[in-house]
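In what follows, a structure is listed as structure tokens, so that the remarks can point back to it.
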Amino acid sequence: MTRYDFDPDAVRPDGRSGSQMRLFDPVVEGPWRGSIAGTDLNGPVTVLAYGNDEIGVGPRLHVHPYDETFIVVEGRARFYIGDSVLDASAGDVLLGPAGVPHRFENLGPGRLQTIDIHHSRQWIQTDLG
């Protein structure tokens with residue numbers, strides 16, 4: 001499928017060049033595998049890698065002043081986003097809207113691995129629980 005959603009001649013490059021950083025080392029243990037701030041990558045989002053092997057375990061209830069997108073890379077999770085309870089598995093993408101408290105936990109069996117995209121150049125969070 002060929003796409004032509006905009007005229008490339010209508011967009012002027014802003015002077016940034018492509019950049020690369022390592023998000024996580026696959027052999028490093030622990031749930032918070034790494035993060036890259038948009039300010040470091042020279043981009044508009046902050047990216048985190050989270051994973052654990054324990055059923056029922058995940059980040060505590062928290063909130064951000066911006067949207068957060070979750071990508072389930074491996075395993076199964078239950079997300080609590082405001083009043084919504086959503087079960088997700090590898091390949092699913094979820095949205096936590098700005099100002100809406102959220103958390104998630106590993107449903108098992110096995111490892112849960114997510115990539116969490118914070119729609120902010122830096123990670124800003126208030127823990128609630």
- Is M21 linked to V47 within one hydrophobic cluster, defined over Ile, Leu, Val, Met, Phe, Trp and Tyr using a side-chain heavy-atom separation of less than 4.5 Å?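 Per the 4.5 Å side-chain linkage, M21 and V47 are co-clustered.
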- Message: Is there a continuous path of hydrophobic side-chain contacts, each under 4.5 Å between heavy atoms, that joins I36 to I71?
- Response: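 Per the 4.5 Å side-chain linkage, I36 and I71 are co-clustered.
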- Query: Do you know which two heavy atoms are closest between P101 and V63, and how far apart they sit?
  - Reply: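 Heavy atoms only, the tightest pair is N-CG2, 4.0 Å.
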- Item | Heavy-atom pair with the smallest gap, counting every atom of L107 and R78 |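 The pair with the smallest heavy-atom distance is CG-N, 3.7 Å.
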When you compare the side chain of [Y] with that of [X], does any pair of heavy atoms fall below 4.5 Å?
X	Y	result
R33	L23	no
R76	S89	yes
Q125	E68	no

Donor-acceptor contact below 3.5 Å, side chain [X] vs main chain [Y]:
X	Y	result
N52	P31	no
S19	L41	yes
R121	G43	yes

- Message: Starting from Y66 and following side-chain heavy-atom contacts under 4.5 Å between hydrophobic residues (I, L, V, M, F, W, Y), which residues can be reached?
- Response: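 Traced through the cluster, Y66 reaches W32, L48, Y50, V57, F70, V72, F79, I81, L86, L94, V100, F104, L112, W123, I124.
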Partners meeting side chain to side chain donor-acceptor pair (under 3.5 Å) with [X] (sequence neighbours left out):
X	value
R12	none
D7	none
T46	none

- Hey, is CG on D83 packed in by over 12 heavy atoms from elsewhere, all under 6.0 Å?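 Check fails, neighbour count at 12 or below.
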- Query: Nearest 0.5 Å, what's the CG-NE2 distance between D67 and H118?
  - Reply: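 It is 11.5 Å, given to the nearest 0.5 Å.
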- Please round to the nearest 0.5 Å and tell me the distance separating atom CG of D92 and atom OG1 of T114.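 Atom-to-atom, D92:CG and T114:OG1 are 12.5 Å apart.
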- Item | Pairs touching residues 42-54 that satisfy salt bridge (Lys or Arg N to Asp or Glu O under 4.0 Å), sequence neighbours left out |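 For residues 42-54: D53-R111.
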- Item | Contacts of R3 that satisfy salt bridge (Lys or Arg N to Asp or Glu O under 4.0 Å) - sequence neighbours left out |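 Checked R3 against salt bridge (Lys or Arg N to Asp or Glu O under 4.0 Å); matches are D5.
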